[in-house]
Amino acid sequence: MTDVSPLFKPFRLRALQLENRIVMAPMTRSRSPEGFPNAENEAYYGRRAAAGVGLILSEGTTTRRRGSSDDSHVPQFWGEKPLAGWKRVIDAVHQAGGKMGPQLWHLGMSRRPGSGPFPDAPSDSPSGITLKGKKVSEEPSEAEVLDMAQAYADAAGDAKRLGFDCVELHGAHAYLIDEFFWERTNQRTDRFGGSIEKRAEFAAETIRRCRAAIGELPLIIRISQWKSVDYGAKVAVNPQELERWVRVLADAGVDAIHCSQRRILEPEFPEVDGPKGLNLAGWVKKLSGLPTISVGSVGLTSEFTGAFRGEGSAVGKLDETIERLDRGEFDLVAVGRALLQDPEWALKVRQNRLSELRDYDASALQTYY
Ligand SMILES: Cc1cc2nc3c(=O)[nH]c(=O)nc-3n(C[C@H](O)[C@H](O)[C@H](O)COP(=O)(O)O)c2cc1C
């Protein structure tokens with residue numbers, strides 16, 4: 001029988017006490033047709049809190065920059081109605097005994113031009129360069145860049161005011177913050193571009209501004225090597241570069257790093273520590289000294305991008321993920337599709353009802369429960 005107990009050890013992030021190590025991964029569902037959370041959204045998160053998810057990270061929720069969203073069904077994290085909706089969500093989660101933080105999102109150049117609630121707004125970026133490397137607009141001024149950073153901080157301050165338990169910055173997957181990290185999209189020559197440290201400076205500025213807005217509330221940043229347009233891309237090609245990258249984030253005052261991988265068991269630098277070597281969260285923890293969240297196909301056999309091509313995924317073993325958690329390679333485990341499919345996933349795992357875990361069915365994206 002699989003020993004699931006390491007998943008159910010408590011964990012503390014600053015003053016935030018989590019009952020277990022299971023995190024609901026942020027998942028965009030586009031189920032807020034008017035741009036603000038509704039009663040269905042409250043029930044969706046409340047259900048997962050009631051069934052024992054340790055920490056819920058919300059779907060990406062956008063900042064006040066007009067170009068931050070490409071979908072008016074994605075909930076915003078600014079303005080009166082959206083914030084009132086989010087207040088009801090966090091109250092529902094707390095009532096069910098859960099903890100939750102919003103994932104603050106700005107799509108940057110991943111936004112389709114002319115899309116979202118403000119189709120006429122320009123898309124923000126570090127250098128006016130698309131994900132394919134094409135220059136399409138002027139480089140924003142330093143003042144504009146600082147306003148992009150402040151927009152996250154304004155949302156973070158609102159999260160604290162509404163009673164959320166933490167805040168996550170979406171710094172992964174070729175969205176705005178990641179476009180600053182990535183050489184292809186960041187060609188700036190001021191303090192926000194150049195070396196890996198300088199490309200991390202936008203994230204650092206954002207972290208510092210968020211910290212000023214939220215005080216002691218835990219702040220997480222999600223990063224990834226892979227990009228939506230290039231799964232093989234790497235911001236850091238070796239542990240030395242990775243250390244320089246994450247050191248900037250740690251020094252800026254972030255509390256934890258959420259390391260997005262498509263497959264949790266994939267080693268990040270197998271040429272250094274072999275085919276069973278540390279994954280990205282393992283390396284980031286070792287090099288930054290910060291707690292990390294790992295993610296990617298937990299409890300399933302295939303990776304998540306298939307979900308957008310209508311693919312399902314069979315239930316997979318949890319043993320090696322739990323062993324790595326138990327060894328301290330990373331601290332928390334985020335679960336995406338398995339929790340999208342089954343709100344009771346955490347409860348079933350805790351009660352060792354593993355035979356009741358369900359395959360991820362492609363149709364789960366069409367339903368909302
Ligand atoms: C429907 C769906 C929506 C997603 N939306 C987001 C998002 O808003 N922000 C984000 O950082 N990742 C997003 N992801 C990625 C997940 O957070 C997670 O990293 C990925 O699904 C891998 O976990 P899994 O294999 O357990 O599903 C999304 C994934 C899915 C399936």
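Counting begins at 1 with the first residue of the sequence. Remember, it's 1-based here, ligands and their atoms both numbered in the order they're listed.
For the pairing with I129, the side chain to side chain contact (heavy atoms under 4.5 Å, CB included) check across K134, E139, K135 returns one residue only, K135.
Judged by the 6.0 Å distance and 45° axis criteria, R337 is not positioned over the aromatic ring of F304.
Checked against the 6.0 Å centroid threshold, Y44 and Y368 count as a close aromatic pair.
Of all heavy-atom pairs spanning M100 and F164, the tightest one is O-CD2, 3.4 Å.
For R222, the side chain to side chain donor-acceptor pair (under 3.5 Å) partners two or more places apart in sequence, or in a different chain, are H258.
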Walk me through whether E168 and Q103 qualify under side chain to side chain donor-acceptor pair (under 3.5 Å). CA-CA 5 Å; E168 175 168 286; Q103 186 194 47; 3.0 Å; yes

Pairs under 3.5 Å, N/O atoms on ligand 1 and on the protein: can you put them in a table with the distances?
residue, atom, partner, partner atom, Å
ligand 1, 5 (N), T28, N, 2.8
ligand 1, 8 (O), T28, N, 3.4
ligand 1, 8 (O), T28, OG1, 2.6
ligand 1, 8 (O), G60, N, 3.2
ligand 1, 9 (N), Q103, OE1, 2.9
ligand 1, 9 (N), H170, NE2, 3.4
ligand 1, 11 (O), Q103, NE2, 2.9
ligand 1, 11 (O), H170, NE2, 3.0
ligand 1, 11 (O), R222, NH1, 2.7
ligand 1, 12 (N), P26, O, 3.3
ligand 1, 12 (N), R222, NH1, 2.9
ligand 1, 14 (N), P26, O, 3.3
ligand 1, 17 (O), P26, O, 2.7
ligand 1, 17 (O), R222, NH1, 3.0
ligand 1, 17 (O), R222, NH2, 3.4
ligand 1, 19 (O), R222, NH1, 3.4
ligand 1, 19 (O), R222, NH2, 2.9
ligand 1, 25 (O), S297, N, 2.6
ligand 1, 25 (O), R337, NH2, 2.7
ligand 1, 26 (O), G336, N, 2.8
ligand 1, 27 (O), R337, N, 2.9
ligand 1, 27 (O), R337, NE, 2.8

